[in-house]
Amino acid sequence: MDVLEIAVSLAQEAGGLLRERLDAPRDIQEKHARDLVTDADRASEALIVGRLHELRPQSSILGEETGVTNGSNDERWIIDPLDGTTNYAHRYPVFCVSVACEQAGQLVAGAIYAPMLNEIFAAGLGRGATRNGQPITVAKTAEVRSALVCTGFLPGHGERNMQNFVRASCEAQAVRRDGSAALDLASVACGRFDAFWEFDLKPWDVAAGVLIVREAGGVVATLEGDAWQLGAASLLATNSTLQQPMLRLLRDPL
Ligand code: IPD
Ligand code: CA
Ligand code: CA
């Protein structure tokens with residue numbers, strides 16, 4: 001299996017585990033105030049990490065729940081075993097598994113599996129992006145007023161997020177806050193969202209999604225309009241036509 005096939009197979013296997021456990025009794029804890037983790041997050045990550053130890057024993061791993069496992073080569077797997085944990089905890093069926101592979105610091109493969117939608121999004125560097133095996137592209141929407149846009153924010157991260165939410169609500173066709181950054185990026189990649197932005201995302205939230213958006217013809221920048229890289233403090237994913245109008249919308253004073 002190549003790295004893309006591995007990413008797809010791990011995301012699907014872990015997503016199956018999440019789907020099976022969704023209606024079962026669960027153990028829900030707070031890592032920090034209103035930042036949840038469930039037994040399913042941990043089981044999903046244990047499954048993925050265990051498989052990676054078998055399949056790619058020399059690689060490093062960065063997983064949300066287990067942190068860093070150092071390897072001996074320049075390959076790193078970046079995993080969000082359950083993106084959308086608050087949704088999952090409430091049985092709101094919008095969540096996914098995100099698995100990305102980086103080689104020598106470059107994202108080369110990414111897979112996002114949304115088990116309740118049975119959608120597997122995948123991309124390999126230079127190989128395009130797919131949903132359930134079919135090629136996808138970002139939307140062609142050219143004006144903010146025709147755009148369905150999405151954002152996310154952590155509880156308590158107030159003012160700028162609220163300002164941007166109000167701005168977008170006034171200017172765009174509609175705004176969603178769907179609770180799974182990785183799936184939000186996949187939705188930009190396949191054209192059902194025209195833009196997605198968020199501050200303070202972690203590498204595991206976005207590594208696979210950014211590659212999938214780019215391979216679907218989209219662009220990713222910081223909200224300051226700078227080049228985006230893993231670890232950046234903000235992210236805006238759009239098609240190339242909407243990028244500047246969205247940056248202006250989210251930057252200009254109210
Ligand atoms: C969260 C989700 C949410 C986003 C948060 C993330 P988690 O990830 O992606 O949509 O707004 O910033 O932390 O905790 O569900 O894996
Ligand atoms: Ca996440
Ligand atoms: Ca998570």
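When a ligand or atom number is given, it counts from 1 through the structure's own listing order. Owing to the predicted nature of the structure, the values given are computational and were not obtained by experimental measurement. Each residue takes its place number in the sequence, starting with 1. Just so you know, these numbers use all the heavy atoms, side chains as well, and skip hydrogens, waters and symmetry mates.
With 3.5 Å as the limit, one finds no donor-acceptor pair spanning the side chains of S98 and D80. A side-chain N or O of T38 and one of D41 form a donor-acceptor pair less than 3.5 Å apart. A side-chain donor from one of E45 and T66 sits under 3.5 Å from a side-chain acceptor of the other. In the model, T222 has no side-chain atom that pairs as donor or acceptor with a side-chain atom of W228 under 3.5 Å.
At the Ca ion (ligand 3), the vertex angle linking OD1 of D80 with OE1 of E64 is 90° (nearest 10 degrees). The OD1 atom of D83, the Ca ion (ligand 2) and the OD1 atom of D205 define an angle of 100° (nearest 10 degrees).
Under a cutoff of 6.0 Å and an axis angle of 45°, R177 and F153 form a cation-pi pair.
If you number the atoms of ligand 1 from 1 as listed, the ones under 4.0 Å from a heavy atom of G84 come out as 7 (P), 15 (O), 16 (O). Of all atoms in ligand 1, listed by their number and element, those nearer than 4.0 Å to a heavy atom of R177 are 10 (O), 11 (O). Using a 4.0 Å cut-off to heavy atoms of F153, the atoms of ligand 1 that qualify are 11 (O). Within ligand 1, counting atoms from 1 as listed, the ones closer than 4.0 Å to a heavy atom of D80 are 16 (O). Atom numbering of ligand 1 starts at 1 in the shown order; those under 4.0 Å from a heavy atom of L201 are 12 (O). Each of the following atoms of ligand 1 lies closer than 4.0 Å to a heavy atom of A181: 2 (C), 9 (O), 10 (O). Against a heavy-atom cut-off of under 4.0 Å, L82 is close to the following atoms of ligand 1: 16 (O).
Closest to atom 6 (C) of ligand 1 among all protein heavy atoms lies D205 OD1, 4.0 Å. Nearest to atom 9 (O) of ligand 1 among the protein's heavy atoms is D83 OD1, 2.7 Å.
When the options E198, E65, K31 are ranked by their closest heavy atom to atom 12 (O) of ligand 1, first place goes to E198.
No N or O atom of L154 sits closer than 3.5 Å to an N or O atom of ligand 1. Of the N or O atoms in G179, one or more lie within a sub-3.5 Å distance of an N or O in ligand 1. Checked by distance only, ligand 1 and D184 stay at 3.5 Å or farther apart across all their nitrogen or oxygen atoms. Residue-to-ligand polar distances keep A182 apart from ligand 1: every N/O pair is separated by 3.5 Å or more. Below 3.5 Å of separation, one finds an N or O of T85 facing an N or O of ligand 1.
With a 4.0 Å cut-off on non-hydrogen atoms, N87 does not touch ligand 1 at all. Looking at S180 against ligand 1, only its backbone comes within 4.0 Å, counting heavy atoms. Contact annotation: for E64 versus ligand 1, heavy atoms closer than 4.0 Å belong to the side chain alone.
Salt bridge annotation for E171-R248: absent, with no cationic side-chain nitrogen under 4.0 angstrom from a carboxylate oxygen.
The distance from the CD atom of Q163 to the CZ atom of R251 is 14.5 Å, given to the nearest 0.5 Å.
The nearest N, O or S atom of L82 is closer to the Ca ion (ligand 3) than 3.0 Å.
Using a 4.5 Å heavy-atom cutoff, the side chains of E102 and L230 are in contact.
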Practice problem: Assess whether salt bridge (Lys or Arg N to Asp or Glu O under 4.0 Å) is satisfied between E215 and R127, documenting all intermediate values. | Solution: CA-CA 7 Å; E215 289 292 327; R127 296 165 64 179; over 6 Å; no

Quiz item: Step by step, would you call V144 with M246 a side chain to side chain contact (heavy atoms under 4.5 Å, CB included)?
Solution: CA-CA 7 Å; V144 172; M246 283 302 299; 4.0 Å; yes

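Pairing each heavy atom of D83 with each of L183, the nearest pair is OD2-N, 4.1 Å.
When atom types are taken as modelled, the side chain of D226 and the backbone of A232 share no donor-acceptor pair closer than 3.5 angstrom.
Shown are T130, L185, I136; of these, the side-chain contact (heavy atoms from CB on, under 4.5 Å) with F121 is made only by I136.
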